[in-house]
Amino acid sequence: DSGVTQTPKHLITATGQRVTLRCSPRSGDLSVYWYQQSLDQGLQFLIQYYNGEERAKGNILERFSAQQFPDLHSELNLSSLELGDSALYFCASSVRSQGKGRNEQFFGPGTRLTVL
Amino acid sequence: AQTVTQSQPEMSVQEAETVTLSCTYDTSESNYYLFWYKQPPSRQMILVIRQEAYKQQNATENRFSVNFQKAAKSFSLKISDSQLGDTAMYFCAFMNGSNFGNEKLTFGTGTRLTIIP
């Protein structure tokens, strides 16, 4: 158990719908990262938040958005869903702060999204 | 942009044997970190080992060790005395260490390792 929690574990929805994935980082970790794992794209970085602020963006679609709340949990919102959005979405957290400290990222169990 | 290449899509080895997984990367950065992650059938991503580019000494974690060749940009993982529980997908990953706030992991395509009883 990495200490990172993600809900829900599984999500099945239809094209055009909107869903929210939730992540709680390890206690004390200020950085949260979102990754997408799909068969055709592999593991790809989506976005990073540090202490409530967006820090880095990767290959995140405009239909996707995220935020990190004052209690440090994060949510990834996916809208206007398409079949190709079906994937495993991981959240990871790190204790790294202000560019210093251990930078290992610990992953949650993931949310499997199926778009029908 | 950094790239990570894992040229072995699949490997298999007998239990108790030693196996080496290959990884090469391309970067112009001098300060970076390299990782191996394991993804068993449960799909959980588990950190196996970490290497700082500025350290010449190869990292080891129990039965897992790396061969880090900075000039060749090579970062292989050696698993000694392989066990059935080592059966998993293994991902090599790169992290730029120079920029605060740009600490994304760039992953290779993975190597599926099967340990044969």
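A, B, ... follow the sequence lines: proteins, then strands. Residue 1 opens every chain. Because only heavy atoms are used, hydrogens play no part in the values below, and waters and symmetry mates are left out as well, while side chains stay in. Remember, it's a predicted structure, so these values are computed and weren't measured experimentally.
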> Just wondering, more than 12 heavy atoms not from B:Asn62 lying within 6.0 Å of its CG?
Replying inline: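 At most 12 heavy atoms, drawn from other residues, nucleotides or ligands, come within 6.0 Å of this atom.
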
Side chain / backbone / both / neither for [X] at chain B, heavy atoms under 4.5 Å:
{"X": "A:Gln37", "result": "side chain"}
{"X": "A:Leu88", "result": "side chain"}
{"X": "A:Tyr35", "result": "side chain"}

> Parallel, tilted or perpendicular for B:Phe75 and B:Trp36, by the 30°/60° rule?
Replying inline: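 Parallel: the ring planes of B:Phe75 and B:Trp36 meet at under 30°.
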
> Any idea how B:Tyr37 and B:Phe35 line up, ring-wise: parallel (<30°), tilted (30 to 60°), or perpendicular (>60°)?
Replying inline: tilted

>> Quick check on the interface: out of A:Ala92, A:Ser2, A:Gly108, who has the most heavy-atom pairs with chain B under 4.5 Å?
In response: A:Gly108

> Nearest 0.5 Å, what's the CG-OG distance between A:Asn103 and A:Ser31?
Replying inline: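 Interatomic distance, A:Asn103 CG to A:Ser31 OG, rounded to 0.5 Å: 10.0 Å.
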
>> Between B:Arg112 and B:Glu10, does the salt bridge (Lys or Arg N to Asp or Glu O under 4.0 Å) criterion hold? Intermediate values first, please.
In response: CA-CA 5 Å; B:Arg112 186 175 303 281; B:Glu10 293 188 23; 5.1 Å; no

> Out of B:Thr106, B:Leu105, B:Leu47, which one racks up the most heavy-atom pairs below 4.5 Å with chain A?
Replying inline: B:Leu105

